[in-house]
2 protein chains.
Amino acid sequence: MTSEQATAAFAESETEKTAADIDFAIIEQLFFAYRDFTSDPDKQLAQYGFGRAHHRIVHFVNRRPGLTVAELLELLKITKQSLARVLKQLIDGGYIVQVPGPRDRRQRELHPTEKGRKLAMDLAMPQSRRIARALAETSPRDRAVIERFLLDMMNPDSRAQIAAAPKDRVSRTGQE
Amino acid sequence: MTSEQATAAFAESETEKTAADIDFAIIEQLFFAYRDFTSDPDKQLAQYGFGRAHHRIVHFVNRRPGLTVAELLELLKITKQSLARVLKQLIDGGYIVQVPGPRDRRQRELHPTEKGRKLAMDLAMPQSRRIARALAETSPRDRAVIERFLLDMMNPDSRAQIAAAPKDRVSRTGQE
DNA sequence: CCGAATATGTCAGTGATGTTGACATATTTT
DNA sequence: AAAATATGTCAACATCACTGACATATTCGG
């Protein structure tokens, strides 16, 4: 190694990260993968006159039936004013019902209706299929590697909220 | 197995996918992982008065210096009217320059300026750090598993566009 | 060479989704 | 009874997408 090379190498490792240090490969893969992953339900939603916001709400209400408005806001990290418009449409459309909290009657528990469960399933299906395709030749161990990676990409509080979601708590019994 | 259980099992495997068949775990992990992954640059962008759209543009111009407007539109899958406003801000702000295509002078090649390269790096850094953290104890083989998963989640044309991007083509020489 | 096709830019209007701030109502807590 | 909490609602605004229409410069094909 010439002294110039040594100096250059030192300067690089010393101060700024340069292009070579940045993980552009995975950055771009995440961008494209997520965009395409969301493109399937987006098409379906357009037919209902709904958007992504509706998808997220109907998904989480289905996954965590009975969650309160405050819990949903915390999960989605949006403001109640943002939630209001979209949630109202889902309630008016008969996809979600509100029931007063059993302990605290100020709360509104959100429950999916049969129609809401159906919608959530419909939207989840192409995404689940896409995942299944991507994992088609993946061993259980490698699936675990992927899941660990995704969990480790999250902020701790997101991780906590995933952990809080029961294994399989999709509403089935629910009130219509 | 009782006959009732057998019947139930049959009915389920026969017709619709039900809750148990949907890969909710990875669906939600992708949602939270991607949201948190984008939250870092979002904060920085706010300080510049920029948004996510600026991020995507400055990123890809940096990664594929000299790409044309049409190529960028194809990559981002947005309309030219959507691109125009945001691109104009980046040009006016001195982050990107346009040069007439060498062969076809109707085309506008997009190149990052030094300032643009700096911005792209700044935005990529927290994302790269997050990835590095998530992969900290991951073997090269397992990294490959994760990359393959992400690639397999994409639509074929997205995959083609990633393949088209040279390994390390971030502009360094570029014109100011 | 001229007309068609192409690459880009721009104006105008609209929609979905997010934000802040302010205030109202019902209920629970202290 | 007063304060805090959970929710709902009104109003204004920003970002980023869309469609449709049209202008300009350049290249291409006959």
Testing A/Leu45, A/Thr38, A/Leu119, A/Val86 for side-chain contact (heavy atoms from CB on, under 4.5 Å) with A/His55, which one passes? A/Leu45

Contact interval (first through last nucleotide) of DNA chain D with protein chain A, 4.0 Å heavy-atom: D/dA4 to D/dC10

Measuring from B/Arg56:CZ to B/His54:NE2, what's the distance to the nearest 0.5 Å? 11.0 Å

Got a salt bridge between A/Glu147 and A/Arg143, using NZ or NE/NH1/NH2 to carboxylate O under 4.0 Å? yes

Of residues 29-54 of chain A, the positions that come close to DNA chain C - non-hydrogen atoms, cut-off under 4.0 Å: A/Gly51, A/Arg52, A/Ala53, A/His54

Would you say B/Glu109 and B/Pro102 make side-chain contact, with heavy atoms under 4.5 Å? yes

Give one of base, sugar-phosphate or nothing for A/Gln89, where a contact means two heavy atoms less than 4.0 Å apart. nothing

After noting the C-alpha distance and the side-chain angles of A/Asp104 and A/Gln107, does the key distance pass the side-chain contact (heavy atoms from CB on, under 4.5 Å) rule? CA-CA 6 Å; A/Asp104 185 337; A/Gln107 297 182 331; 4.1 Å; yes

Just how large is the angle between the end axes of the helix from C/dC1-D/dG30 to C/dT30-D/dA1, five pairs per end, to 10 degrees? 20°

Pairing residues for B/Ser158 by the side chain to side chain contact (heavy atoms under 4.5 Å, CB included) criterion, not counting sequence neighbours: A/Phe32, A/Arg35, A/Asp36, B/Met154, B/Asn155

Main chain of B/Pro112, side chain of B/Arg117: is a donor-acceptor contact present, judged purely on distance under 3.5 Å? yes

Send over the distance from A/Arg105 CZ to C/dT29 C1', rounded to a whole Å. 14 Å

With a 4.0 Å cut-off on N to O distance, would you call B/Asp42 and B/Arg52 a salt bridge? yes

Pairing of B/Glu28 and A/Arg64 as salt bridge, 4.0 angstrom limit: yes

Between the CZ atom in B/Phe31 and the OH atom in A/Tyr34, the distance rounded to the nearest 0.5 Å is 6.0 Å

Taking only residues two or more places apart in sequence, or in another chain, which ones meet B/Asp122 in a salt bridge (charged side-chain N to carboxylate O under 4.0 Å, His left out)? none

Of A/Arg56 and A/Arg108, the one whose closest DNA chain C nucleotide lies more 5': A/Arg56

Electrostatic pair B/Asp23-A/Arg130, nearest N-O below 4.0 angstrom: no

On a plain distance test, is the side chain of A/Arg106 in donor-acceptor contact with the base of C/dT28 below 3.5 Å? no

Would a 4.5 Å heavy-atom cut-off, applied to side chains only, mark A/Arg133 and B/Asp152 as touching? no

In numerical order, the residues of residues 71-85 of chain A whose heavy atoms come under 4.0 Å of DNA chain C are A/Lys77, A/Ile78, A/Thr79, A/Gln81, A/Ser82, A/Arg85

